[in-house]
Amino acid sequence: MASLQSLRGMVDLLPEQIGLWQHVEATAREQFRRAGIAEIRTPLLEVTELFARGIGEATDVVGKEMYTFLDRGERSCTLRPEGTASVVRAAIQHGLLSQGPQRLWYGGPMFRYERPQAGRQRQFHQIGLELLGFADACSDAEAIAVAWDLLAALGVGGLALELNSLGSAEDRARYRELLVAWLEQRRELLDADSQARIHSNPLRVLDSKHPGTQALLAEAPSLASALSDDSQARFAAVQQALAALEIPFVLNPRLVRGLDYYSHTAFEITSSQLGAQATVCGGGRYDGLVQQLGGPVTPAIGWALGMERLVLLLSQLERPLAAAPALDLYVVSRGEAATTQALALARLCRQAGLAVERDASGAAFGKQFKRADRSGARWAAVIGEQEAADGLVGLKDLRAAASDQEGAQADQRLSPAALLQALQAALKGP
RNA sequence: GCGGGCGUCGCCAAGUGGUUAAGGCAGCGGCUUGUGGCGCCGCCAUUCGGGGGUUCAAGUCCCCUCGCUCGCCCCA
């Protein structure tokens, strides 16, 4: 084809699908409102350094998945691959943290240069939550509960909450040393990917899918055993809070998560119905990030939820949501003067709040009425040469039982103002 | 970046080397110069993602290329 196409991994959302997306967005908005969480919007484009410093140089996201380029001022810019770094940057930049803890949510497109597959695009959409300035274990559970309840409100079932603790920064540093030493002694036994990660990102080795590596790791020092007493107590408190909320979870000691900034609580909500990309929502605590980006020491927890994956799950439910927006009136006309009046009538009714479509084809009335019927409109207004001359409009009820006899002429002829009044009265009534 | 599958009209889809590329949906026109859900009739791919090659002959075989898709990796 010589015709232009969208870029790989950049998909169009067509009118047919938009209803589902708007439903998800509206439901999320409502859940956040109930939880006292305010929306924040940040630019799609940021200085590359923000992500390099925030997410971590050694991560895949920063190492090989960013859309990075030089702008006309020779600055290195990057299309945001995730939302947390930007939100934290904005909170620091505008001094929000000096006004107290912040409960924020965001939504919008993210960009990652990866091979597309089921549930994964290069431009994808996330809805995310960030609680900045919240240190207690109950806040971890609260953040998770907001995500859990959002999914429940949408009617998504069959989900599993996986939970782990990465411990404090000190725990991780200590464990990291242990693990690197242990891995170093068995270097030849590891798969290539894992070997390359021994020093750059040793914790990720734990999550390797290679069977050989996994078998070997059974005897590796465990992260859990490296946690300090405080960290262990904290993790237990999170679990107790979740239990109190009756949110079921499973412990997954291999859950490490890809981004550097996580500490303590890490979690994912997964579905078995999504193919290979099973994570619908992922998040965790990031107590060090705000400071790392130049802000005050600020404990924080957050998550991000993948819209495409969520919509995928919802569309599998086969429970059709709100049909196409119902049209109140379809205006049919033929002839130049009549069509001008039809346009004026459509506008008059629209200004009064009705949903009106006007047939612009000038085709035979038979054709126009056929379209009027298919449009789903409740009424049709007709303006032909006769009506145009009289300054009247024919009104026909397309849904009334009486009009089952197709071909019936318009029920009545009214002035535009009278027609509008009649429709408004009918819409208000039973 | 690496594997597997696939690419015929806006959508679905026959076709498996031999003359003019089925059919369905949608669309458009008509039967019905001004009135809808049914029906009937007609129109709608000089061309099979693109480019080479083999052959008397290719949508059908070969090569290259582009795209889509699923998976690896990774993650939302």
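Naming: A, B, ... by sequence-line order, numbering from 1 per chain.
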Quantified in whole Å, what is the [atom1] atom distance between nucleotide [N] and nucleotide [M]?
{"N": "B:rC61", "M": "B:rC2", "atom1": "P", "answer": "26 Å"}
{"N": "B:rG24", "M": "B:rC40", "atom1": "P", "answer": "11 Å"}
{"N": "B:rG52", "M": "B:rG30", "atom1": "P", "answer": "43 Å"}
{"N": "B:rG37", "M": "B:rC31", "atom1": "P", "answer": "14 Å"}
{"N": "B:rA57", "M": "B:rG39", "atom1": "C1'", "answer": "44 Å"}
{"N": "B:rC9", "M": "B:rU46", "atom1": "C1'", "answer": "14 Å"}
{"N": "B:rC11", "M": "B:rA45", "atom1": "C1'", "answer": "14 Å"}
{"N": "B:rG17", "M": "B:rU55", "atom1": "C1'", "answer": "9 Å"}

If you look at every strand shown and take non-hydrogen atoms under 4.0 Å, does [X] touch a base, only sugar-phosphate, or nothing?
{"X": "A:G275", "value": "sugar-phosphate"}
{"X": "A:R120", "value": "base"}
{"X": "A:V332", "value": "nothing"}
{"X": "A:A372", "value": "nothing"}
{"X": "A:G282", "value": "sugar-phosphate"}
{"X": "A:A364", "value": "sugar-phosphate"}
{"X": "A:E268", "value": "nothing"}
{"X": "A:Q368", "value": "nothing"}

Has [X] got a side-chain N or O lying under 4.0 Å from the OP1 or OP2 atom of [N]?
{"X": "A:R371", "N": "B:rC28", "result": "yes"}
{"X": "A:Q117", "N": "B:rC72", "result": "yes"}
{"X": "A:R374", "N": "B:rG36", "result": "no"}

Could you work out which one of [options] sits closest to the side chain of [X]?
{"X": "A:T279", "options": "B:rU35, B:rC72, B:rA76", "answer": "B:rA76"}
{"X": "A:F365", "options": "B:rA76, B:rG37, B:rU35", "answer": "B:rU35"}
{"X": "A:Q5", "options": "B:rG67, B:rG37, B:rG34", "answer": "B:rG67"}
{"X": "A:R413", "options": "B:rU35, B:rG67, B:rA76", "answer": "B:rU35"}

Expected output: side-chain A:T27 to main-chain A:H23 donor-acceptor under 3.5 Å = yes

Determine yes or no for a side-chain-to-main-chain donor-acceptor pair under 3.5 angstrom, with A:D140 supplying the side chain and A:V238 the backbone.
-> no

Most 5' of A:E308 and A:F369 on RNA chain B, judged by nearest nucleotide | A:F369

Could you say whether A:A377 or A:C281 is positioned toward the 5' end of RNA chain B, judged by the nucleotide with the nearest heavy atom to each?
-> A:A377

Using whole Å, what does the distance between atom [atom2] of nucleotide [N] and atom [atom1] of [X] come to?
{"X": "A:R115", "N": "B:rG3", "atom1": "CZ", "atom2": "C1'", "answer": "9 Å"}
{"X": "A:N252", "N": "B:rC75", "atom1": "CG", "atom2": "P", "answer": "13 Å"}
{"X": "A:K367", "N": "B:rG27", "atom1": "NZ", "atom2": "P", "answer": "10 Å"}
{"X": "A:L161", "N": "B:rA76", "atom1": "CG", "atom2": "P", "answer": "15 Å"}
{"X": "A:L398", "N": "B:rG36", "atom1": "CG", "atom2": "P", "answer": "11 Å"}
{"X": "A:E114", "N": "B:rA76", "atom1": "CD", "atom2": "C1'", "answer": "10 Å"}
{"X": "A:Q195", "N": "B:rC73", "atom1": "CD", "atom2": "C1'", "answer": "16 Å"}
{"X": "A:E16", "N": "B:rG10", "atom1": "CD", "atom2": "C1'", "answer": "13 Å"}

Is B:rC56 paired to anything, Watson-Crick or G-U wobble with both distances less than 3.5 Å, and if yes, which nucleotide?
-> B:rG18

Under 3.5 Å on both distances, the Watson-Crick or G-U partner of B:rC68 | B:rG5

Under the 3.5 Å rule, do the base of B:rC75 and the side chain of A:R309 count as making a donor-acceptor pair?
-> yes

A:Q277 (side chain) and B:rG71 (base): donor-acceptor pair under 3.5 Å | no

Residues A:E357 and A:S375: side-chain donor-acceptor under 3.5 angstrom | no

No-hydrogen, no-angle side-chain donor-acceptor test under 3.5 Å, A:Y286 and A:E130 | yes

Tell me whether the NZ or CZ atom of [X] lies within the 45° cone about the ring axis of [Y] and under 6.0 Å from its centre.
{"X": "A:R186", "Y": "A:W182", "result": "yes"}
{"X": "A:R122", "Y": "A:Y113", "result": "yes"}
{"X": "A:K396", "Y": "A:F369", "result": "yes"}

Salt bridge present between A:E25 and A:R29 (N-O < 4.0 angstrom) | no

